[in-house]
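Worksheet: one structure, shown below.
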Protein chains: 2
Amino acid sequence: MQDKITRLFKAIADPTRRDIFHALVIATSALSITQISNQFEMTRQGITKHIKTLEEAGLVYIKSEGRERFCNANPKELQEVNKWLKFYEQFWDDKLGSLGDYLNNKV
Amino acid sequence: MQDKITRLFKAIADPTRRDIFHALVIATSALSITQISNQFEMTRQGITKHIKTLEEAGLVYIKSEGRERFCNANPKELQEVNKWLKFYEQFWDDKLGSLGDYLNNKV
DNA sequence: TTAATACGCAACTTTTTGGTTGCATAAATA
DNA sequence: TATTTATGCAACCAAAAAGTTGCGTATTAA
């Protein structure tokens, strides 16, 4: 498909997936597919697709128990986004000054 | 179309757009559409589309001079992504402990 | 003034994405 | 055992995204 960071960015680029992820993060226990689906006005199959995308991005992991599949959020994966951001953080305030620092570090 | 943060996430979810943005950030001066296009194996019109997406996300702004359009990066806009991340940062290390803090602050 | 350059816009194609319905199956319950 | 429940998978559909070609136009250079 595509590289890891792109998968991650695409996963969080969808509002529904951000909502699902958020629900899982603040949940006090793992939620089954059906439990998640009940919180959204969308078919279970639609939700399943989104969860698969989140899983492939590493943002969600799943533990099967009997006929149920319990989903957990893995917020740690967002550290990758943070890493990506870090580089640009130096350019937030004064672009030219920070660019100088960046170039100096490169030498 | 869609909300601001979704536009922003979608803009950076595309590898080519991240590359364009990166090129603009590290450029020592504003780059024209043609100058940017020359750095990519894609038609100028294709690049123009991507730049428009970046512009609508607030990541790039454009200054017209004669027949040329000079593009600048606006990395500051990424602070919005950073804000979004901040909330989840508390869940990175120990999920349950941080959740407790979150819930307590909510009361 | 003529020619080249830098660009926007519109139309079109292909691929991806977001969502659906329908059906099969394994596990739990009556 | 019969039935309900939880789910996956495949097929399908519509809309959005990614990219192209072609053309018109304004600005600059010869």
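A, B, ... follow the sequence lines: proteins, then strands. Residue 1 opens every chain.
To the nearest angstrom, P of D:dA17 lies 16 Å from CZ of B:F9. Going from atom CD of B:Q35 over to atom C1' of C:dT5 covers 13 Å, rounded to whole Å. Atom pair B:I51:CD1 and D:dG19:P shows a separation of 13 Å (rounding to whole Å applied). For the pair A:E65 CD and C:dA28 P, the interatomic distance rounds to 10 Å; values are reported in whole Å. As rounded to whole Å, 13 Å separates atom C1' of C:dA6 from atom CD1 of B:I62.
Nearest-nucleotide mapping onto DNA chain D: of A:E68 and B:T16, the residue sitting toward the 5' end is A:E68. Mapping B:I33 and B:K10 onto DNA chain C via the closest heavy atom, the residue that lands nearer the 5' end is B:I33.
Checking the phosphate oxygens (OP1, OP2) of D:dA17, no side-chain nitrogen or oxygen of B:R17 falls inside 4.0 Å. Note on A:S32: every side-chain N or O is 4.0 Å or more away from OP1 and OP2 of D:dA6. Within the 4.0 Å cut-off from OP1 or OP2 of C:dG19, at least one side-chain nitrogen or oxygen of A:H50 is found.
Put simply, the side chain of B:N82 reaches to within 4.5 Å of the side chain of A:W92, judged on heavy atoms.
Between A:Y88 and B:F21, the two ring planes are tilted [angle within 30° to 60°].
Under 3.5 Å, the side chain of A:R67 and the base of D:dT5 form at least one donor-acceptor pair of N or O atoms. A donor-acceptor contact under 3.5 Å is formed by the side chain of B:R44 with the base of C:dG8. For B:Q45 against D:dG22, a side-chain-to-base donor-acceptor contact under 3.5 Å is present.
Listed by first then second residue, pairs satisfying ring-ring contact (aromatic ring centres under 6.0 Å, His included) with a partner in residues 40-78 of chain B number zero, not counting sequence neighbours.
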